[in-house]
Q: 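Let me begin by handing over the structure; questions about it come next.
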Amino acid sequence: MPKHIFVTGGVASSLGKGLTASSLGRLLKLRGLRVTLQKLDPYINVDPGTMNPFEHGEVFVTDDGGETDLDLGHYERFIDENLTRNSNATTGSIYQAVLAAERRGDYLGKTVQVIPHITDEIKRRIARLATDDVDVVITEVGGTVGDIEILPFLEAIRQYRKDAGRNNVCYIHVTLVPFIGPSGEQKTKPTQHSVTELRSRGIQPDLIVCRSEEPLSEDLRVKISNLCDVDERAVINAADARNIYELPLILHEEGLDDEVCEVLNITDAPIDLRPWQEVVEMVEAATYPVRIGIIGKYVQLVDAYLSVVESLKHAGFHHGVKVEIEWIQAEDVEGLLASDRLRHLDGIVIPGGFGARGVEGKIAAAKYAREENLPCLGLCLGLQTMVIEYARNVMGLMDAHSTEFEPSTKHPVIDLMHDQREVTDKGGTMRLGAYYAVLVPGSKVAEAYGETVVSERHRHRYEFNSQYRSRFEAAGLICSGASPDQRLVEFIELTDHPFWVATQAHPEFKSRPDRPHPLFRQLIAAARARHQERSQAPVSGAR
C-alpha cells in the first residue's frame with residue numbers, strides 16, 4: 001500500500017511548501033522509491049487556466065493537457081517525473097464534481113454536505129494517485145492553516161490517516177521563524193500559534209520544517225520541540241539557501257527524509273546522494289556571465305515566467321554559464337527604443353501570453369534580433385510575433401497580423417484553424433497538452449534535439465496560417481517542424497542567423513536541472529558565443 005505525506009503551511013504564504021515537498025520527493029527517489037506529488041488548491045476556480053498571470057503566476061501544463069498550479073513545475077523539475085492533471089485539485093473542481101454527482105442522483109436524495117461529501121471527494125482525489133506503481137504520494141495543501149478556505153482539506157487529510165492506517169501517513173508542517181531586528185532574536189511564537197491552530201483541527205504534525213533567514217540555535221529547536229509536542233530531531237530547519245537546488249541536500253543534512261522514513265516505517269531504502277550532489281556542483285560551477293532579456297507582458301510578477309527562467313538556468317548550468325535575467329516590458333521595446341533597450345544583451349526570449357498589449361514590442365524585439373544577429377528564442381506567442389515581423393519587414397506584407405489582434409487584417413499570417421472558427425467557447429479552441437512534431441532533417445531544431453520526431457506541450461488558440469507557408473519558405477523562413485499531417489507549423493528558424501528559432505509549443509515545461517531542454521541549451525550556447533565575441537572585440541578608438 002502506498003504511503004502518504006501531507007505538507008501544510010502556517011504563518012505566511014510563499015514559505016516554500018512546494019519546494020519542501022519537491023525536495024523531499026527527490027530525496028525519496030534517491031532512496032529508490034517511486035514518488036508522485038499533488039497540489040490541493042483552496043481557490044474556487046476550477047483550474048488556473050483563466051486566472052490573471054499577475055495574480056496567480058504561471059499556468060503549468062501537463063502532457064495530458066491539464067492547466068495546473070506552478071508548483072507542479074517544481075515537482076516535475078525535482079523528481080523528474082511527468083505528472084498529470086490528477087496532480088492538481090482545486091476547491092472549484094471538487095465542488096463541481098460533487099454537484100454533478102448530486103444532479104445525477106448519485107447520493108440518492110441525501111442532503112449534500114461538506115462532511116462527508118466534499119471531504120470524501122477530496123480523499124478520492126488523493127487516493128487516485130495511490131496506484132500500484134507508486135510507493136509514496138506527497139500531497140501539498142495550498143494556503144495557510146487558519147484560512148477558512150482550507151478547512152475541508154484539513155478535515156480530509158485528518159480522516160485519511162484513519163482510513164489508510166497510522167503507519168501509512170505522515171504530516172509535515174512548514175512554518176516561519178522570523179528574525180526581529182530591534183531585539184536581535186529569532187521568534188518561535190508564530191510557529192507555536194500555527195501548530196496550535198493545526199492541532200485544533202485534529203492534526204498533530206510529525207515534523208515541523210522551520211523556514212528562517214539564518215540557522216536555528218539548538219535552544220530554539222528544543223523550545224519548538226517542547227511547545228509543539230514533536231521530537232527534537234523532527235524540528236527541521238530550512239534556512240535560506242544559495243539556490244533552490246541545494247535545498248534537498250540541506251534538508252537531508254537536517255534529517256528530513258530519515259525522520260519521514262521512520263514515521264512511515266520505510267526500511268531498507270539507503271540513499272545515494274551523488275546524482276543530486278553532481279547537480280549542485282554543476283550549479284555552483286556556472287559562473288560565466290551571460291545576459292538574457294525576457295521580452296514579456298507580465299514582467300511585474302516574475303512567477304508568470306517561472307519555467308522559462310528555470311529553463312534558462314538549466315541551460316546555463318550545462319554550459320557553465322550564470323544566466324543574468326533582464327526583465328523587459330514588451331511595450332518598452334516599440335519603435336526606436338528597441339536598439340536602446342536590447343543592444344547590451346547576449347540573447348533574448350520572447351515568451352507566450354494572451355491579448356494585444358505589448359505585441360508590437362515583441363515584434364520590434366524580433367526585428368532587432370533578426371537584423372543584429374542577436375540570439376532569439378520565441379515561445380508560443382513568441383513564434384507568432386516573429387512570423388508577423390518577418391512577413392512585414394522581409395516579405396513586404398505590411399498589413400500582416402494575427403486575427404487575434406486584428407480580425408480584419410489583409411494578411412492573417414496567424415489565424416484560427418478553420419474547424420475552430422465556429423466554436424464560441426474559447427476553452428473549446430485551445431490546443432492543450434502534448435503534441436508530436438516532425439522536424440526537417442539537418443535543421444537547427446533537428447540538430448538541437450538529435451532526433452526528427454519530438455513531443456512538446458502546447459497552450460494556445462491561434463496557429464501559423466499554413467496558406468502562407470510556401471511564401472514564407474520562398475522568402476527564406478524555414479518551417480523546420482510541423483505536425484505529422486503537416487497541417488500545423490510547430491517550429492520556424494533562419495539558416496543564416498546564429499539562432500533565430502521559435503516554437504508554437506512551451507518547451508520550458510520539460511526542462512530539468514540535469515537535462516536542459518535542447519532549444520534553451522542551444523540559445524545559451526549562441527548567447528555565450530556572442531558574449532565572448534563581443535568581449536574580445538577591440539574597443540573603439542583604442543590604440
Side-chain angles (χ1 to χ4, degrees), residues 49 58-68 70 72-73 76-77 82-85 294-296 304-312 314-315 349-354 362 366 376-388 402 404 414-417 420 429-440 443-466 469 477-493 499-512 515-523:
E58 169 187 271
V59 174
F60 188 84
V61 178
T62 54
D63 273 347
D64 63 350
E67 293 180 285
T68 70
L70 57 82
L72 268 72
E76 285 203 2
R77 286 187 285 271
N82 292 332
L83 303 179
T84 69
R85 64 173 72 244
I294 295 180
I295 318 299
Y305 302 106
L306 181 60
S307 290
V308 173
V309 171
E310 292 305 310
S311 298
L312 288 169
H314 300 164
V349 175
I350 306 177
F354 294 91
K362 289 174 179 277
C376 174
L377 174 61
L379 310 172
C380 196
L381 180 60
L383 175 141
Q384 297 175 11
T385 54
M386 290 165 73
V387 166
I388 295 168
S402 166
E404 179 182 4
I414 304 296
D415 197 8
L416 287 173
M417 295 294 295
Q420 294 176 333
T429 66
M430 188 80 81
R431 189 149 67 105
L432 283 167
Y435 288 83
Y436 282 101
V438 178
L439 309 182
V440 174
S443 63
K444 289 180 184 291
V445 171
E447 290 176 355
Y449 280 96
E451 51 190 329
T452 55
V453 178
V454 299
S455 173
E456 294 291 358
R457 301 176 191 178
H458 292 64
R459 183 177 183 252
H460 61 97
R461 191 169 289 118
Y462 288 78
E463 307 276 358
F464 182 106
N465 189 342
S466 291
R469 180 170 176 175
L477 183 73
I478 306 301
C479 296
S480 50
S483 58
D485 62 6
Q486 295 296 304
R487 292 177 67 224
L488 304 173
V489 171
E490 298 279 20
F491 296 87
I492 63 167
E493 63 183 61
F499 193 84
W500 202 80
V501 173
T503 174
Q504 185 59 75
H506 286 274
E508 65 269 24
F509 295 145
K510 298 184 73 172
S511 187
R512 305 288 187 262
R515 196 174 66 256
H517 191 280
L519 297 184
F520 285 89
R521 186 189 67 226
Q522 296 306 101
L523 169 70

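As the structure is a prediction and not an experimental result, all values here were calculated from the model.
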Q: Checking side chain to side chain donor-acceptor pair (under 3.5 Å) against Arg512, which of His314, Glu310, Glu76 comes through?
A: Glu76

Q: Yes or no on salt bridge (charged side-chain N to carboxylate O under 4.0 Å, His left out) for Arg461 and Glu404, after CA distance, side-chain angles and deciding distance?
A: CA-CA 9 Å; Arg461 191 169 289 118; Glu404 179 182 4; 5.5 Å; no

Q: As an exercise, state the distance from CD1 of Ile350 to CD1 of Ile294, rounded to the nearest 0.5 Å.
A: 11.5 Å

Q: Looking at every heavy atom in both Leu439 and Glu451, which two are closest together, and how far apart are they?
A: CD1-O, 3.5 Å

Q: Go through the steps for Val61 and Thr68 under the test side-chain contact (heavy atoms from CB on, under 4.5 Å), then give the verdict.
A: CA-CA 6 Å; Val61 178; Thr68 70; over 6 Å; no

Q: Measure across Val440 and Cys479 and return the closest heavy-atom pair with its distance rounded to 0.1 Å.
A: CG2-O, 3.6 Å

Q: Side chains of Val501 and Gln522: does their closest heavy-atom pair fall under 4.5 Å?
A: no

Q: Using distance alone, with no hydrogens and no angle criterion, decide if Ser480 and Glu493 have a side-chain donor and acceptor under 3.5 Å apart.
A: yes

Q: Would you say the side chain of Val59 lies within less than 4.5 Å of the side chain of Leu70, judging by non-hydrogen atoms?
A: no

Q: Between the side chains of His460 and Gln384, is a donor N or O closer than 3.5 angstrom to an acceptor N or O?
A: no

Q: Taking the side chain as everything from C-beta on, heavy atoms only, tell me whether Tyr435 gets closer than 4.5 Å to Asp63.
A: no

Q: To the nearest 0.5 Å, how far apart are CG in Leu519 and NZ in Lys444?
A: 12.0 Å

Q: Mind checking whether Phe464 and Leu488 have side chains closer than 4.5 Å, heavy atoms only?
A: no

Q: Does Lys362 reach the main-chain N or O of Ile295 with its side chain, forming a donor-acceptor pair under 3.5 Å?
A: yes

Q: Is a side-chain N or O of Trp500 found less than 3.5 angstrom from the main chain of Gly378, in a donor-acceptor match?
A: no

Q: Under the side chain to side chain donor-acceptor pair (under 3.5 Å) test against Glu456, which residue among His517, His506, Gln504 passes?
A: His517

Q: Do Leu306 and Arg77 come close enough that some side-chain heavy atom pair is under 4.5 Å?
A: yes

Q: Could you tell me if Arg521 and Ser511 have a donor-acceptor pair between their side chains, going purely by distance under 3.5 Å?
A: no

Q: Of the non-hydrogen atoms in Gly353 and Leu381, which two are nearest, and what is the gap between them?
A: O-CD2, 3.6 Å

Q: Within a strict 4.5 Å, meaning less than it, do heavy atoms of the Ile478 and Ile492 side chains meet?
A: no

Q: Between Ile388 and Ile414, is the side-chain contact (heavy atoms from CB on, under 4.5 Å) condition met? List the steps.
A: CA-CA 8 Å; Ile388 295 168; Ile414 304 296; 4.2 Å; yes

Q: Is Arg431 salt-bridged to Glu490, cutoff N-O under 4.0 Å?
A: yes

Q: For the CZ atom of Arg469 and the CZ atom of Arg487, what is their distance to the nearest 0.5 Å?
A: 13.0 Å

Q: Out of curiosity, Phe509 CZ to Asn82 CG, how far, rounded to the nearest 0.5 Å?
A: 13.0 Å

Q: Which atoms form the tightest heavy-atom contact between Ser307 and Phe60, and what is the distance?
A: OG-CD1, 3.8 Å

Q: Give me the atom names and distance for the closest heavy-atom approach of Tyr305 to Gly352.
A: CE2-O, 4.1 Å

Q: Kindly determine whether Glu463 and Leu416 satisfy side-chain contact (heavy atoms from CB on, under 4.5 Å), including the steps that lead there.
A: CA-CA 6 Å; Glu463 307 276 358; Leu416 287 173; over 6 Å; no

Q: When you look at Phe491 and Val454, which way does the side-chain contact (heavy atoms from CB on, under 4.5 Å) test go after all the steps?
A: CA-CA 11 Å; Phe491 296 87; Val454 299; 4.2 Å; yes

Q: Do Leu523 and Leu312 have side-chain heavy atoms sitting under 4.5 Å apart?
A: yes

Q: Grab the two heavy atoms, one from Val489 and one from Ser466, that are nearest each other, plus how far apart they are.
A: CG2-OG, 4.3 Å

